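Presented below is the structure to which this report refers.
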Amino acid sequence: MADNARAKKLADLIREVVAEKLQRGIKDPRLGTHVTITDTRVTGDLREATVFYTVYGDDEDRASAAAGLESAKGILRSAVGRAAGTKFTPTLSFVADALPENARTIEDLLDKARASDAKVREASSGATYAGEADPYRKPEDEDEEGTTAE
């Protein structure tokens with residue numbers, strides 16, 4: 001087992017090498033400039049690496065980018081092997097990052113909350129209290145009514 005610091009360094013190296021190779025070394029039109037490597041995780045034994053990516057575009061662009069990454073996996077792994085200089089180059093698996101979808105869901109929920117708050121604010125703008133402004137009895141009120149405070 002390798003220590004976590006070594007796995008973290010290797011993960012950072014893999015992220016940089018894969019991003020650089022995607023930007024400059026691979027001529028696949030499916031990958032283009034709309035693929036972004038967001039994170040990389042390496043197992044403790046340094047045998048497997050998971051590369052998280054996002055794709056700018058619609059579902060068709062995401063599917064074509066996934067196919068392009070799958071076909072370029074060997075080239076990317078050999079580039080990682082050359083850069084890492086380790087005895088065993090980790091196998092790469094590409095996973096679409098769910099971060100953009102989660103952020104979009106959170107933004108939709110926040111928009112609904114803002115709209116609900118605006119409706120409540122609008123409904124309460126002309127509202128008045130149901131009773132007096134201060135509905136609580138005070139000791140001096142009891143004195144005026146004829147009861148004595150003890």
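Numbering of residues begins at 1 and proceeds along the displayed sequence. The model shown is predicted, which means the values in this text are computed figures rather than measured ones. Only this structure's heavy atoms are used, side chains among them; waters, hydrogens and symmetry mates stay out.
- Rounded to the nearest 0.5 angstrom, Ser125 OG and Arg121 CZ are separated by 10.5 Å.
- With sequence neighbours excluded, no residue forms a salt bridge (charged side-chain N to carboxylate O under 4.0 Å, His left out) with Arg104.
- A donor-acceptor contact shorter than 3.5 Å links the side chain of Ser124 to the backbone of Val120.
- Side chain of Thr36 to backbone of Thr38: no donor-acceptor contact under 3.5 angstrom is found.
- In this structure, Leu13 and Val80 have side chains that are not in contact, with every pair of non-hydrogen atoms separated by 4.5 Å or more.
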Hey, mind stepping through Arg41 and Asp39 against salt bridge (Lys or Arg N to Asp or Glu O under 4.0 Å) and telling me if it holds?
CA-CA 7 Å; Arg41 295 188 184 147; Asp39 193 19; 3.4 Å; yes
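- Residues satisfying the salt bridge (charged side-chain N to carboxylate O under 4.0 Å, His left out) criterion with Lys73, sequence neighbours excluded, are Glu70.
- Sorted by first and then second residue, the salt bridge (Lys or Arg N to Asp or Glu O under 4.0 Å) pairs with a member in residues 76-90 form an empty list; sequence neighbours excluded.
- Atom CG of Leu92 is separated from atom CD1 of Ile75 by 12.0 Å, given to the nearest 0.5 angstrom.
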Would you list the atom pairs, donor with acceptor, under 3.5 Å between side chains in residues 49-59 and any protein atom, with sequence neighbours excluded?
residue: Asp58; atom: OD1; partner: Asp61; partner atom: N; Å: 3.1
residue: Asp59; atom: OD1; partner: Arg62; partner atom: NH1; Å: 2.8

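- Atom OG1 of residue Thr89 and atom CG of residue Leu76 lie 12.5 Å apart, to the nearest 0.5 angstrom.
- Here the closest heavy-atom approach between residue Ala7 and residue Leu46 is recorded as CA-CD2, 3.7 Å.
- For Arg47, there are no salt bridge (charged side-chain N to carboxylate O under 4.0 Å, His left out) partners two or more places apart in sequence or in a different chain.
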List, one per line, each side-chain donor-acceptor pair under 3.5 Å for residues 14-22, sequence neighbours excluded.
residue: Arg15; atom: NH1; partner: Asp12; partner atom: OD1; Å: 3.2
residue: Glu20; atom: OE1; partner: Arg24; partner atom: NH1; Å: 3.2
residue: Glu20; atom: OE2; partner: Arg24; partner atom: NH1; Å: 2.2

